2 protein chains.
Amino acid sequence: MVKPADRPSTPLGYALLGLVHRQPSSGYDLCRLFETTPMAHYSSSPGAIYPALRRLEKQELITGETEKADSLRPRRVYRSTSAGEAALREWASARVTRDEVVRDLDMLMLRFALMGALVDRAAARRFLEELAGELEDYLGELEGHLEKVAAAGDPHGRLALESGIEQHRVLARWARRALGELGEA
Amino acid sequence: MVKPADRPSTPLGYALLGLVHRQPSSGYDLCRLFETTPMAHYSSSPGAIYPALRRLEKQELITGETEKADSLRPRRVYRSTSAGEAALREWASARVTRDEVVRDLDMLMLRFALMGALVDRAAARRFLEELAGELEDYLGELEGHLEKVAAAGDPHGRLALESGIEQHRVLARWARRALGELGEA
DNA sequence: AAAAACATGTAAGCTGTTACATGATTGG
DNA sequence: CCAATCATGTAACAGCTTACATGTTTTT
């Protein structure tokens, strides 16, 4: 007996699972979310979303219920299962790695955005602390590279790297500030 | 007679073509670049790089020359062809679209980093002006969303969106500053 | 009536990921 | 001589992109 994998197989899978967990949604709802909100940053299209939902359903991480089954235009609304919630919680609680900070900041932010409904404040704060730490650590490395690029006399390369450094610096500060906000309340 | 496509078919193709144009390199050189420099952000692996180089060569956008052909450990060094340079120049000169600003900022930055050796200062400044303009425009939209998210009482969503807004704001300022720097000199 | 939005999907083709395979050269 | 680094690749697999297909309901 072959068991289906117990967690989403792609970033899109986690995104959809997390969104559906926050609010039960149809494929079309999710398509619109990716079209009309800042989620658009996580570019996706119907051709990816509908198959991904099917996969999640087959893995029993979400369940779909057909509204107006009699109607000629049925609407299939998905919601997360307890297995889906478990997978999400594991995802949300995973440690922040250097590798993710370098190559996958976007996914880290999505994780933070969706973890509100999933983990307690302590876990969220741990996430932010790890994130800030890794960012600050990586900043040192980036500044080392900046010297080399600057010395090489490549204005575009230097400017591009400076932009990357600023981005990381701002994000680290944001994480510290968010940590403060989550501390109060 | 089937002509091969006259430009790279993927972002990785453009990245490799641009890097090779700046400095003739072997597959291994490029692998190391993606491993040990801030190019690591544009995550890639040998399994993608070597086939991509082959594709570019088949399209005659780059040519490979085998160093030490007699040796038992040959090293294949690629350099851009004139067709490759033309494709790069077209890429570098393309207008900045809203869609790229929303979904593909990373590629825009890579474009800027590599366009130094490809287009004149006027073209680079036009790029930065379009980028800054689109960013500032998009910022308005993001702030509209922020009100909604804040009103919805979702602290994580609000914080994540605030981080996105800061990122875009900082990038817009960077573009304006870079514009100034490229203006002098 | 026409257009736009609702709503779900399929198929071809290509690319990236991961893991593996192979062997040479250099530094300790 | 052993490990690390140099150097290039292949193969299986799964997923995404793009384009298409289909029909309904609501708005103008």
Side-chain angles (χ1 to χ4, degrees), chain A residues 2 4-5 7-17 20 24-36 40-59 62 64-78 99-100 103-104 106-107, chain B residues 2 4-5 7-17 20 24-36 40-59 62 64-78 99-100 103-104 106-107:
Chain A
V2 181
R7 33 202 189 89
S9 52
T10 69
L12 177 60
Y14 280 104
L16 294 174
L17 179 53
V20 159
S25 316
S26 68
Y28 189 72
D29 292 338
L30 295 163
C31 285
R32 272 194 31 232
L33 209 63
F34 279 98
E35 260 171 21
T36 64
H41 181 67
Y42 302 90
S43 170
S44 211
S45 45
I49 291 172
Y50 285 104
L53 288 171
R54 290 300 178 106
R55 284 197 298 275
L56 292 172
E57 196 180 17
K58 201 180 295 178
Q59 293 172 86
I62 61 178
E65 198 178 345
T66 301
E67 280 181 1
K68 309 179 188 167
D70 51 333
S71 155
L72 288 165
R73 191 179 66 181
R75 194 181 125 90
R76 193 159 180 78
V77 175
Y78 294 97
D99 195 74
E100 284 174 299
R103 315 169 122 95
D104 231 359
D106 290 349
M107 260 300 131
Chain B
V2 182
R7 31 202 191 90
S9 52
T10 69
L12 176 60
Y14 280 104
L16 294 173
L17 179 53
V20 158
S25 315
S26 68
Y28 188 71
D29 292 338
L30 295 163
C31 285
R32 272 195 28 235
L33 210 63
F34 279 98
E35 260 171 22
T36 64
H41 181 67
Y42 302 90
S43 171
S44 210
S45 45
I49 291 172
Y50 284 105
L53 288 170
R54 290 302 179 104
R55 283 197 297 275
L56 292 172
E57 196 180 16
K58 200 180 294 178
Q59 293 172 83
I62 62 178
E65 199 178 346
T66 302
E67 277 180 4
K68 309 179 188 166
D70 50 333
S71 155
L72 288 165
R73 191 180 62 182
R75 194 181 124 90
R76 192 157 181 80
V77 175
Y78 294 97
D99 195 73
E100 284 175 299
R103 316 168 121 93
D104 230 359
D106 290 349
M107 260 302 130

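Since this is a predicted model, take the numbers as computed values, not measurements. Letters A, B, ... are given to chains in the order of the sequence lines, protein chains preceding strands, and every chain is numbered from 1.
Rotation axes derived from the C1' atoms of the five outermost pairs at either end of the helix from C/dA1-D/dT28 to C/dG28-D/dC1 lie 40° apart, to the nearest 10°.
The CG atom of B/Leu16 lies 6.0 Å from the CD1 atom of B/Ile49; values are rounded to the nearest 0.5 Å. Residue B/Ile62 holds its CD1 atom at 7.5 Å from CG of B/Leu17, rounded to the nearest 0.5 Å. One distance of note links CZ of B/Arg7 with CG of B/Leu56; it measures 13.0 Å at 0.5 Å rounding. Within the model, atoms CZ of B/Arg54 and CD of B/Glu57 stand 6.5 Å from one another, a figure rounded to the nearest 0.5 Å.
When side chains are defined from C-beta on, B/Leu53 counts as touching B/Leu30, because their heavy atoms get closer than 4.5 Å. A/Gln59 has its side chain within reach of A/Arg55: a pair of non-hydrogen atoms, C-beta onward, lies under 4.5 Å apart.
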Dump every N/O contact between nucleotides 26-28 of chain D and the protein below 3.5 Å, one line per pair.
none

So which protein nitrogen or oxygen atoms get under 3.5 Å of nucleotides 11-15 of chain C's nitrogens or oxygens?
from, atom 1, to, atom 2, distance (Å)
C/dT15, OP1, B/Ser9, OG, 2.4

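When the side-chain contact (heavy atoms from CB on, under 4.5 Å) test is applied to B/Pro24, the partners found at least two apart in sequence or on another chain are B/Val77, B/Arg79. Looking at residues two or more places apart in sequence or on another chain, you find no salt bridge (charged side-chain N to carboxylate O under 4.0 Å, His left out) involving A/Glu65. Listed by chain and number, the residues in a side-chain contact (heavy atoms from CB on, under 4.5 Å) with B/Tyr42 are B/Phe34, B/Met39, B/Asp106, B/Met107, B/Met109, B/Leu110 (sequence neighbours excluded).
Using a 4.0 Å cut-off, no side-chain N or O of A/Ser26 falls inside it from OP1 or OP2 of C/dA7.
Note: CG (B/Asp99) to P (D/dT17) measures 12 Å, nearest angstrom. A straight line from CZ of B/Arg54 to P of D/dG9 spans 4 Å, rounded to a whole angstrom. Look at CG on A/Leu30: it is 14 Å from P on D/dC16, rounded to the nearest Å. Atom CD in B/Glu67 sits about 12 Å away from atom C1' in D/dA7, given to the nearest Å. Following rounding to the nearest Å, B/Arg103 (CZ) and D/dC16 (P) show an atom-to-atom distance of 15 Å. Regarding B/Tyr42, its OH atom lies at a distance of 15 Å from the P atom of C/dT17, rounded to whole Å. Rounded to whole Å, the distance from CD1 on A/Ile49 to C1' on C/dG9 is 13 Å. Atom CZ in B/Arg75 sits roughly 16 Å away from atom C1' in C/dT26 (whole-Å rounding).
Across every non-hydrogen atom of B/Gly64 and B/Arg76, the tightest pair is O-NH2, 3.1 Å. The heavy-atom pair separating A/Ala52 from A/Leu12 by the smallest distance is CB-CD2, 4.0 Å. A pairwise comparison of heavy atoms in A/Tyr28 and A/Tyr50 identifies N-OH, 3.4 Å as the closest pair.
Between B/Pro46 and B/Arg32, the residue anchored nearer the 5' end of DNA chain D, judged by the nucleotide with its closest heavy atom, is B/Arg32.
Here the side chain of B/Tyr50 is nearest to one of C/dG16, D/dT8, D/dT18, namely D/dT8. Side-chain proximity of B/Tyr28 to the nucleotides C/dT8, D/dT8, D/dT17 is greatest for D/dT8.
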